[in-house]
Amino acid sequence: MTQWPGGHRYGATLSFDFDAEEVWIGENPANAAAPGVLSQGAYGPKVGLPLILRLLARHGIAASFYICGKDALRHPDAVRAIIDAGHEVAHHGHSHTSPTALTAQQERDELEAGLEALRALGAEVVGYRSPSWEFSARTLDLLVEAGFAYSSNLLDDLVPYRHPAHDIMEVPISWILDDAPHFWFANDTWEKTIRSPGEVLDVWLPEIDGIAGLGGHVMVTTHPMLSGRPSRLQMLDTVIGHLQDTGAWIATTREVAAHARANGPLALGLDAWTGPAGGAGPEARG
């Protein structure tokens, strides 16, 4: 029996970490005076986002956008365009700074300032994704206190679940379905290679099919400044078509978290899984 709405085989979300200039400044404050570096982030709201919104509209898909408060202040029209198109806007810090690098008061201030910036533009914010995909010892307490419904930060499952000691849902992520490990390039080191869209599809599509076979949830995470490039938009179009063709329930993270809260706990179909290409499943490999 399916655990996803409408009899769909599995769940899926298209999520976008908006990261514009703030990702570069948060990692290195000196970049605030480096227009060439900042222009890499500016490409996202200027060019990548409009193309992504057009692609999502063509497919009739609502996505989730995780936005830093300071980027929202820099690009209010971009945030409004996301909201007006019917997509979810969620919290991604105020500055792009890991909670683990902040004091207790700084982390609270960051959370509150980011919420204020997003809500001032009309966003109904119920979800949080840390800029570093990491928590401090206080983060979950602060999220519950602020009334968040879900977090999307941990990598420990293929289905959403409720945090054991906190009344908040977790909708897991993964590096394998994130574009940054494949496409991120910074000319300060020249050590990060740029992979082709074909190579990334060779990584993503089998992973999606594996999750689908387990009846899990696929969380695709991309960045407008990276996957808003023309060749990568074609790759994203292929991924969306594959999700639709293989029976995914494609929904925002907010919708997925609400479904899991109302219908959980969700479970993976481990007993029915036969492994890649009909091979032995995990229980037979030992």
Side-chain angles (χ1 to χ4, degrees), residues 1-17 52 55-56 58-66 87-88 90 127 129 133 150-162 169-183 195 197-224 226-227 232-261 263-270 272-277 281-282:
M1 184 174 68
T2 182
Q3 60 187 345
W4 299 103
H8 288 278
R9 294 177 60 216
Y10 66 108
T13 298
L14 276 297
S15 73
F16 297 86
D17 289 0
I52 287 168
L55 175 65
L56 294 172
R58 180 159 59 82
H59 284 280
I61 289 173
S64 297
F65 288 80
Y66 296 86
H87 302 294
E88 178 190 9
R129 179 175 287 169
W133 292 11
Y150 78 83
S151 152
S152 184
N153 291 279
L154 302 184
L155 300 87
D156 58 350
D157 212 329
L158 294 174
V159 289
Y161 61 89
R162 183 185 179 278
M169 301 300 296
E170 182 67 35
V171 186
I173 51 178
S174 70
W175 285 115
I176 193 173
L177 291 175
D178 185 289
D179 62 350
H182 309 289
F183 293 142
R195 314 314 300 175
E199 289 176 282
V200 179
L201 285 174
D202 284 343
V203 173
W204 282 10
L205 296 185
E207 179 70 5
I208 289 170
D209 289 343
I211 295 172
L214 289 164
H217 175 257
V218 170
M219 176 64 79
V220 175
T221 303
T222 65
H223 300 71
L226 299 177
S227 286
R232 297 167 186 170
L233 284 166
Q234 181 60 52
M235 178 196 78
L236 191 56
D237 183 64
T238 298
V239 169
I240 293 172
H242 188 76
L243 293 171
Q244 292 173 324
D245 291 344
T246 56
W249 177 58
I250 305 175
T252 65
T253 322
R254 178 178 187 167
E255 292 170 324
V256 169
H259 172 74
R261 178 180 286 276
N263 297 277
L266 304 185
L268 294 174
L270 296 174
W273 195 73
T274 58

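Any value given below was found using the heavy atoms of this structure, including those in side chains, with hydrogens, waters and symmetry copies removed.
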Undergrad: Regarding Arg232 and the six-membered ring of Phe183, is the cationic atom NZ or CZ under 6.0 Å from the ring centre and inside 45° of its axis?
TA: yes

Undergrad: Judged by modelled atom types alone, do His59 and Gln244 share a side-chain donor-acceptor pair under 3.5 Å?
TA: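 The criterion, which ignores hydrogens and geometry beyond distance, is satisfied for Gln244 and His59.
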
Undergrad: Search all heavy atoms of Pro160 against all heavy atoms of Pro172 and return the closest pair with its distance.
TA: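 Nearest heavy atoms, Pro160 then Pro172: CA-CD, 3.9 Å.
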
Undergrad: Say whether, by atom type as modelled, one donor and one acceptor occur between the side chain of His182 and the main chain of Val200 under 3.5 angstrom.
TA: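 Flag not set: sc His182 to bb Val200 has no pair under 3.5 Å.
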
Undergrad: Quick one: are His87 and Phe16 in side-chain contact, heavy atoms under 4.5 Å?
TA: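 Answer no - side chains too far apart.
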
Undergrad: Return the minimal non-hydrogen interatomic distance between Ala63 and Leu56, and the atom names on each side.
TA: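 Minimum heavy-atom contact is CB-CD1, 3.8 Å.
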
Undergrad: If only atom types and distance count, is the side chain of Arg129 paired as donor or acceptor with the main-chain N or O of Asn153 below 3.5 Å?
TA: no

Undergrad: Is any side-chain heavy atom of Tyr161 closer than 4.5 Å to one of Pro265?
TA: no

Undergrad: Once you round to the nearest 0.5 Å, how far does CZ of Arg9 lie from OG1 of Thr246?
TA: 6.0 Å

Undergrad: Report the C-alpha distance between Thr253 and Tyr66 in whole Å, list the side-chain angles of each, state the deciding distance to 0.1 Å, and finish with yes or no for side chain to side chain contact (heavy atoms under 4.5 Å, CB included).
TA: CA-CA 10 Å; Thr253 322; Tyr66 296 86; 2.8 Å; yes

Undergrad: Can you give each donor-acceptor pair under 3.5 Å made by side-chain atoms of residues 214-224, sequence neighbours left out, with the distance rounded to 0.1 Å?
TA:
unit_1 : atom_1 : unit_2 : atom_2 : d
His217 : NE2    : Thr13  : OG1    : 2.9
Thr221 : OG1    : Ser15  : OG     : 3.2
His223 : ND1    : Asp179 : OD1    : 2.7

Undergrad: Answer whether the closest heavy-atom distance between the side chains of His259 and Trp4 falls below 4.5 Å.
TA: yes

Undergrad: Could you go through the side chain to side chain contact (heavy atoms under 4.5 Å, CB included) check for Tyr150 and Arg254 one step at a time?
TA: CA-CA 7 Å; Tyr150 78 83; Arg254 178 178 187 167; 4.1 Å; yes

Undergrad: Where is the tightest heavy-atom contact between Leu226 and Ala180, given as atom of each residue plus distance?
TA: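 Of all heavy-atom pairs spanning Leu226 and Ala180, the closest is CD1-CA, 3.9 Å.
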
Undergrad: Would you call Leu268 and Ile211 a side-chain contact if the rule is heavy atoms closer than 4.5 Å?
TA: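 In short, these two side chains do not touch, never coming nearer than 4.5 Å.
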
Undergrad: Passes side chain to side chain contact (heavy atoms under 4.5 Å, CB included), Trp133 versus Leu154? Steps please.
TA: CA-CA 7 Å; Trp133 292 11; Leu154 302 184; over 6 Å; no

Undergrad: Given side chains that start at C-beta, do those of Asp209 and His242 come closer than 4.5 Å, heavy atoms only?
TA: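 In short, these two side chains touch, coming nearer than 4.5 Å.
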
Undergrad: Within this structure, what is the CD1-CD distance for the pair Ile176 and Glu207, rounded to the nearest 0.5 Å?
TA: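 So the gap between those two atoms works out to 4.0 Å.
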
Undergrad: Can you find a heavy atom in the side chain of Ile208 that is under 4.5 Å from one in the side chain of Leu177?
TA: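 A side-chain contact exists here, since the closest heavy-atom pair is under 4.5 Å.
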
Undergrad: Considering non-hydrogen atoms only, spot the tightest contact between Gly127 and Ala90 and give its length.
TA: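 What the structure gives for the nearest pair is O-CB, 3.4 Å.
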
Undergrad: State, yes or no, whether a side-chain contact exists between Asp17 and Phe65 at a heavy-atom distance under 4.5 Å.
TA: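 With C-beta onward as the side chain, the pair stays apart.
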
Undergrad: Quick check for you: to the nearest 0.5 Å, what is the distance between Ile52 atom CD1 and Ser227 atom OG?
TA: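 Output value for this atom pair is 7.0 Å.
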
Undergrad: For residues Ile61 and Ile250, report the shortest heavy-atom separation together with the two atoms involved.
TA: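 So the two residues come closest at CG2-CG2, 3.8 Å.
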
Undergrad: Indicate yes or no: at least one non-hydrogen side-chain atom of Arg58 is less than 4.5 angstrom from one of Leu55.
TA: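 Yes, side chains in contact.
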
Undergrad: So which atom in Met169 and which in Ala260 form the shortest heavy-atom distance, rounded to 0.1 Å?
TA: CE-CB, 3.7 Å

Undergrad: Is the backbone N or O of Thr252 less than 3.5 Å from a side-chain atom of Glu255, with the two atoms forming a donor-acceptor pair by type?
TA: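 Yes: the side chain of Glu255 pairs with the backbone of Thr252.
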
